[in-house]
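Owing to the predicted nature of the structure, the values given are computational and were not obtained by experimental measurement.
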Amino acid sequence: MREETREQLKERLRNIVANMPEQPGSYQYWDAEGVIIYVGKAKNLKRRVASYFHKEVDRFKTKVLVSKIRDITYTVVKSEEDALLLENSLIKKYKPRYNVLLKDGKTYPSICVTNEPLPRIFKTRNITRKWGTYYGPYSNMGPMIAVLELIRKLFKPRPCNMPMTPERIAAGKYKPCLKYHIHICDAPCVGKQTLEDYQENIRKAREILKGNTRDVLRQLREEMMSKASQLLFEEAEMLKQQIMLVENYCAKSEVVSHTIHNTDVFSITNDDHSGTAYVNYMHVTNGSINQAFTIEYKRRLEESDEELLMLAIPEIRERFHSKAKEIILPMPLEWALEGVEFTIPQRGDKRHLLELSEMNGRQYKVDRLKQTEKLNPEQRQTRLMKELQSALKLPKMPYQIECFDNSNISGTDAVAACVVFKGMKPSKKDYRKYNIKTVTGPDDYASMQEVVRRRYSRMIEEGTPLPDLIITDGGKGQMEVVRQVVEDELHLEIAIAGLAKDDRHRTNELLYGFPPMVIGMKTDSELFHILTKIQDEVHRFAITFHRDKRSKRQLKSELDDIKGIGPKTKEALLKQFRTVKRVREAAEEELAAVVGAAKAKIIIEALHPQKATP
C-alpha cells in the first residue's frame, strides 16, 4: 500500500471515530474483502473504538486487528444490556475471525433444573436439553443471582454433584456432608428429607423460575394456615418466613402488581420541532415487563396522535406476535380490535405502567436527539434558537445575542462588560470592556445607559451588524433604561429581554416585552440553562475586568508614586514579596536585603512615615 493511500485510510477511519456517538452499542470492523473481522460492545462507542487507534497500544492481537481494518460500522442501542445481546447475536451470525470469547459455544448463562430423581438447580452456559430444563438466558447477572439465592433459601436444592437415586439412598450409600450441618441442604441423601417433599420443593422452584410467584405465594399461605390450625406453630413460622422471602423478592423484581397479565401498553411522545412521533410499546406478563420497544414515525400530513397510534398498534403487535387481550392507552381511539379491550387508566398499577411507557418514550426521544446533534452540532444550536424565537415571538431567529453587566465597589473603579453569543456559542473575539466615564458614584442604571449608548452608537457608525437580542442582567428597571437608549435615543429595533432573580439571588425568570411580562419557561430546560450561561459569562467577564483594574490601581498608588522607586526596584520587590500587602508589612531590614538600605528607608517613609528611622 502506498504511503498516500495509507494516510487517506487513517484519515477516513479517524473521521468515522470522531463522529461516533457516546452511547452504548455494538461496533463492527470490516476488512478489505468486505468481511466483518471483529464485533465488540461498548458503554461508550466513541471512547471504546478510539482506544484501538492510540499509539501506545502494544498487544500483538490488537495491532494485527487494527492493521486489517478498512471500515467501521456501529449500531446504537438504549442500554448496556442491549449492547451485550446485540454483540452476542452478531458474533453468532457472522463468526468474526478475531472474536474469541463468544465463538466457542459460549453464550449468556441460563438456570438449569436437571432431570434427575433428586434434581439440582444451578447456572450454566452449556445448553444440553437432554440433561434438564433451562430457564433464561439472563443477559444481566443480577436478576439471575437474586432468583437463585431465593430458591436456595426457600427450597434448599442439593448443591452436590453426586449421582443420586432412591435405591442408593435406601441402601445407605451416602452420609450427611458439611452443607447439611450449616443448614444449606436438608440431606435427602440420608432420608432427613423425604423424596416427595424434595420434589415438591423443586416443583415450586420451577414456578418461581417461570415467574408464577403468585401461585407459589398462594400455596405457601394455604400450607401455613393448615399447619397453624393443626397447632404446628414452628412449621407455620417457617412457612411464614418463606412467604416473606418471596414477597421481598417480588417487591424488588416486579414492576407492577402480578395481577396484571398478558397486557400491552402503548404511549406516544412528540417532537414538535422535527414533526416526529415516538410510539413506545411494552408487554407485561405476570406483573413484569418482558418486552419493550420504541418506533419512530415521521409525520407527513400532520397526522394526529390517535391516527399514529392506530397505525402503530397493529404493526407492533404483529412484529412481536402479541395476542394480549387488553391494551393500555393514553387516549381513547375510534377504533377496535376483535376480542381486545382498550383501557385508559386514571390511577393505580395500570396508570403506573402507562407513565412508565411515556417515560421510556421521552427518554428515547432525548437519546435520538442527542445522537443526531452529536453528529451535527449546528442542529442543536438551530433548535435552541428556534425555541427562543418561539418563546419570545421574535420575527427571526436570535443568532447574535448580547448581554451587559456592571461592576464596581461603592462606585470606585466602575467598569462594564459586554459578551456576545453567536449561534448560542460565545464569540470571545467580540467581547468588549468599558471604563465608566460619565457616571459618578454607584449608579448602575446610568452606567448601563452609558455603555449601551457607546456600544451601539459606534456599531452604527462603523456599519457593524447589530444584535438580534439584548439580554439585561436584571429585571424591569434594567430593561427600561436599555430600552430608553436603544429605542428612544438611537431609534433601533432590537429585542430586549431580562433575567430576573429571586430572593435567594438565583435566576428564576425570563422577562420580555413592554411592559415586561414573565415568559413561561422551565428553569431546568436546556434553553434556560443556555440563557443563565450567558448571564454567568458576562458576570465573570465584568468581575475579572474590575479586579484587574483595581489591582493595577492599587499597585500604582502604593509603589509607582514613591519617588526614587523605579520599575526594576518594583519588579524586585514583587518577585520577593509577591504582593504589595506583603511589601507594606515587611520590616525595613527585610526590604534592605532586597533593594538596599537607602531604598528600603524611602519605601518605609512612603508607606509608614511613623516607622521611619531617624
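At distances below 3.5 Å, not a single donor-acceptor pair connects side-chain atoms of Thr276 with backbone N or O atoms of Asp271. Checking side-chain atoms of Arg12 against main-chain N and O of Arg70 turns up a donor-acceptor pair under 3.5 Å. Proximity of a side-chain donor or acceptor of Lys365 to a complementary backbone N or O of Asn270 within less than 3.5 Å is detected. Using a distance-only test at 3.5 Å, with no hydrogens or angles considered, no donor-acceptor pair links the side chain of Gln199 to the main chain of Asp197. Under a 3.5 Å cut-off, the side chain of Arg158 and the backbone N or O of Leu118 do form a donor-acceptor pair. For the pair Asn19 (side chain) and Asn15 (backbone), a donor-acceptor distance under 3.5 Å is present.
Met225 contributes atom CE, which lies 7.5 Å from atom OG of Ser229 (distance to the nearest 0.5 angstrom). Interatomic distance, Arg203 CZ to Phe155 CZ, rounded to the nearest 0.5 Å: 9.0 Å. With rounding to the nearest 0.5 angstrom, the CD1 atom of Ile37 is 12.0 Å from the CD atom of Gln28. From Leu232, atom CG reaches atom CE of Met224 across 13.5 Å, with rounding to the nearest 0.5 Å. Rounded to the nearest 0.5 Å, atoms CD1 (Ile72) and OH (Tyr38) are 12.5 Å apart. Taken from SG in Cys185 to NZ in Lys179, the straight-line distance is 9.0 Å, to the nearest 0.5 Å.
Between Ile313 and Leu333 the shortest side-chain heavy-atom distance falls below 4.5 Å. Residues Met164 and Cys160 meet the side-chain proximity criterion, which asks for heavy atoms closer than 4.5 Å. Using a 4.5 Å heavy-atom threshold, the side chains of Leu65 and Tyr52 count as touching. The side-chain heavy atoms of Ser357 and Met359, taken from C-beta on, include no pair separated by under 4.5 Å. Using a 4.5 Å heavy-atom threshold, the side chains of Lys46 and Pro21 count as separate. The side-chain heavy atoms of Phe266 and Ile268, taken from C-beta on, include no pair separated by under 4.5 Å. Using a 4.5 Å cut-off on side-chain heavy atoms (C-beta onward), Lys325 and Glu341 make no contact. Within the 4.5 Å cutoff, side-chain heavy atoms of Tyr29 are placed close to those of Val49.
Residues Arg168 and Thr165 bring no donor and acceptor atom of their side chains to less than 3.5 Å of each other. Side-chain contact annotation: Thr73 with Trp30, donor-acceptor N/O pair under 3.5 Å present. No hydrogens or angles considered: nothing links the side chains of Ser226 and Glu222 as a donor-acceptor pair under 3.5 Å. Side-chain contact, Tyr180 with Asp186: no donor N or O sits under 3.5 Å from an acceptor N or O.
Contact record, Pro188 with Tyr198: CG-CD1, 3.9 Å, taken as the closest heavy-atom pair. Residues Ala324 and His283 share a closest heavy-atom pair of CB-CE1, 4.1 Å. Across all their heavy atoms, Ile184 and Lys156 have their closest contact at O-CB, 3.4 Å. When all heavy atoms are compared, the tightest approach of Ile151 to Pro157 is O-CD, 3.6 Å. Contact record, Ala236 with Ala228: CB-N, 4.0 Å, taken as the closest heavy-atom pair. Nearest heavy-atom pair across Pro330 and Leu354 is CA-CD2, 3.7 Å.
Atom CZ of Arg47 has 12 or fewer neighbouring heavy atoms from other residues, nucleotides or ligands inside a 6.0 Å radius. The local environment of CD in Gln230 is crowded, with over 12 non-hydrogen atoms from other residues, nucleotides or ligands closer than 6.0 Å. The environment of His183 atom NE2 is sparse: at most 12 non-hydrogen atoms of other residues, nucleotides or ligands sit within 6.0 angstrom.
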Side chain to side chain contact (heavy atoms under 4.5 Å, CB included) assessment of Ile111 paired with Thr124
CA-CA 6 Å; Ile111 295 176; Thr124 181; over 6 Å; no

Can you check side chain to side chain contact (heavy atoms under 4.5 Å, CB included) on Ser26 and Val39, steps first, answer last?
CA-CA 7 Å; Ser26 172; Val39 173; 3.6 Å; yes

Kindly determine whether Asp305 and Met331 satisfy side chain to side chain contact (heavy atoms under 4.5 Å, CB included), including the steps that lead there.
CA-CA 9 Å; Asp305 288 354; Met331 63 194 70; 4.0 Å; yes

Which is it for Tyr174 and Met162 under the side chain to side chain contact (heavy atoms under 4.5 Å, CB included) test, yes or no, and what are the steps along the way?
CA-CA 10 Å; Tyr174 310 103; Met162 298 172 62; 3.1 Å; yes

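Between Lys43 and Glu22, none of the side-chain N atoms (NZ, or NE/NH1/NH2) sits under 4.0 Å from a carboxylate O, so this pair counts as no salt bridge. Arg383 and Glu526 are joined by a salt bridge, as a carboxylate oxygen and a charged side-chain nitrogen come within less than 4.0 angstrom of each other. Ion pair Glu326/Lys350 flagged as a salt bridge, since at least one NZ, NE, NH1 or NH2 atom sits closer than 4.0 Å to an Asp/Glu carboxylate oxygen.
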